[in-house]
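Throughout, a chain's letter reflects where its sequence line sits, starting with A, and its residues are numbered from 1. What you are looking at is a predicted structure, and each value in this text was computed from that prediction instead of being measured.
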Amino acid sequence: MDSRSSSHTATSAKGKEIMIMDPNVYNSPDDIYADWDTDDELEMEFFEATLQDKGASSPGSSSYNSSKVDHFVSMGFPEKRVVQAIKENGEDNDEAILNSLLTYSAIEDTSSGDDICLDDFSDSDGDNCRAVKGTERYSDNKDKTISILVDMGYQIEDVLIAIERCGYETPIEELADYICAAEMAKVADVTEFRPPPQIPRIQIDKKRKAFPKVNERHRKRPDIRRERSSESYSHKLMIGYGVPGCAPAVCHRKLPDHVVGPPYFYYENVALTPKGVWDDISRFLYDIEPEFVDSIYFSAAARKRGYIHNLPIDGRQPLLPIPPKTIHEAIPDTKKWWPSWDKRTKLNCLLTCIGSAQLTERIRKRVLSGDPSEADKQFVVEQCKKWNLVWVGKNRVAVLEPEDMEMLLGFPRFHTRGLSRTDRYKTLGNSFQIDTVAYHLSVLKPLYPNGMNVLSLFSGIGGAEVALYKLGITLNNVVSVEISPSSRKVLQDWWEENGLQGKLIHVDNVEKVDKGMLDRWIDEFNGFDLVIGGSPCNNLAGGNRRTRDGLEGEHSSLFFQYYRILNHVRDSMKERALS
DNA sequence: CTAAAGATGAGATTACGG
DNA sequence: CCGTAATCTCATCTTTAG
């Protein structure tokens, strides 16, 4: 595991020291968060509504004025922290107390994670949300509807999308109209489109920001968000607002007004999280719906990811040249050894761990006869899928080389050279798929002909930087926050080797990035144009047997740092614009 | 000491066939 | 409608080899 201890310099391959910002020159460690948000406006309407809601649902809980401690404990905060927060902020300052508690809950490693249990934000509006239709939609009519529409001459993709968006119960005529309208919109390149969700957005004072809570996921009760999940987060196609060669019937969206325009932000994480996680993430990130995309449309390897961003979605351009999209095209040497009974044309998701040499040897023995049994074939194919093995010789499979992964992810060959083999797999497995991300970011190219200032959180080996660079966007100033020294070195080396002229600032720990640092950068660079990053997925990813704890997990809770930092950049730049 | 190997399923979504 | 099977997943931890 990466150490969170601060290392202030690292040595690059060229022996040059990487300068790392030291936050302690601005703040003492103890008050890194102490001043956080305490001067910000709070969403008191929301909090009070939450309180009332809680009080109504649990009559036994303390009333507002009786016991301050009980009051906050009843909201689910641990008593220990409540006492501390009251001590720090004074008994009368509810706002500051809540803020402290919320900040703590976001930034602390919650070894006793379950004790943070606020009431559900969506409860207060839940009753108004029942407009969503039920899920009893998988009727026999489904296939019939699809086949009728296909017979009418519509593309199957468009039909599926129309059905997904409108519901299976929707009359055929309506669906047909929908598809036609979508086609027209595509042709006319209209930018306005109907607001997709039937779910009412949480509309409080637009000027202020909502601070929704992390949901307590083990609670057993009807959950409106589940319906919303199955309603709007369909993963069937996973093309988001479109991929090259496969546009959805509808490719427009309506963003909340206050998130339109700069600073742009782009957030990424695994698509297949525990239930409710993306709803939480979405709620924090201004109720923007995630765009789920599988990199299978950009690469020969799958990579199902969700992206939340406020980028325009019109005029996207793929990175050129178009990468190979099948295994044989991507790794041509494998073609001559590929047995006919291995039907794979695409690789599964590139992970952080690889299969062992022993496994490939066991597989070799299974197929050595030249005429393996059906059981042998089944075993071999199963293992090949599990570990992304490819045929590299007669009866011989092997794991992907790090260079293969670099290529499949869109990085330059040998991008991670210099790391140990294990670390190369690990850092690559944790990275963006460049072509996918670049496709989304491509809309920035005409907007920033003079280059961009980028705040890159959880940079890793620099996926965001590489994507922007390959788009031909000049990187004027980049602040890169990354915990792993070896990953920082990879980015620094890449930066130097490609002769980038901009300023690259490294920060080692996202938790140390405070208001002072951000404001200094914003002053110096005249603001950030893009805040980009994918927070740790360790506690969300399906491969994690031990600590798949959701957003409150030890590492994945760093999402709240992304939110915290983005929110301040937005506030600070808004303030600047007004003065 | 580092690096590799091996053991460790659940959770969510589809697909499919009554 | 339903249950069941199939599929896949930005992983963690301990042991072993060197």
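- Residues A/R424 and A/E403 are paired through a salt bridge, judged by an N-O separation under 4.0 Å between the basic side chain and the carboxylate.
- The interatomic distance linking A/R344 (CZ) with C/dT7 (C1') rounds to 14 Å, in whole Å.
- The existence of a salt bridge linking A/D493 and A/K489 is confirmed by a sub-4.0 Å separation between a basic side-chain nitrogen and an acidic carboxylate oxygen.
- In this structure a side-chain-to-backbone donor-acceptor pair under 3.5 Å is present from A/S556 to A/P536.
- Residue A/S356 places no side-chain N or O under 4.0 Å from the OP1 or OP2 atom of B/dA4.
- The separation between A/F559 atom CZ and C/dC10 atom P is 18 Å, rounded to whole Å.
- Whole-Å rounding puts the A/Q358 CD to B/dG6 P distance at 4 Å.
- Non-hydrogen atoms lying under 4.0 Å from DNA chain B are contributed by A/G542, A/N544, A/R545, all within residues 535-547 of chain A.
- A search for ring-ring contact (aromatic ring centres under 6.0 Å, His included) contacts involving A/F265 returns A/Y286, not counting sequence neighbours.
- Results of the ring pair (Phe, Tyr, Trp, His ring centres under 6.0 Å) test with A/Y439 over A/Y266, A/Y297, A/F432, A/F298 single out A/F298 as the only residue that passes.
- Remark: A/E291 engages A/R316 in a salt bridge, criterion side-chain N to carboxylate O under 4.0 Å.
- Side-chain proximity of A/E268 to C/dC10, C/dT9, C/dA11: nearest is C/dC10.
- The distance from atom NZ of A/K426 to atom P of C/dC13 is 10 Å, rounded to the nearest whole Å.
- Among B/dA5, B/dT13, C/dC10, the nucleotide with an atom closest to any side-chain atom of A/A357 is B/dA5.
- Atom C1' of B/dG9 sits at a distance of 14 Å from the matching atom of C/dT7, rounded to the whole Å.
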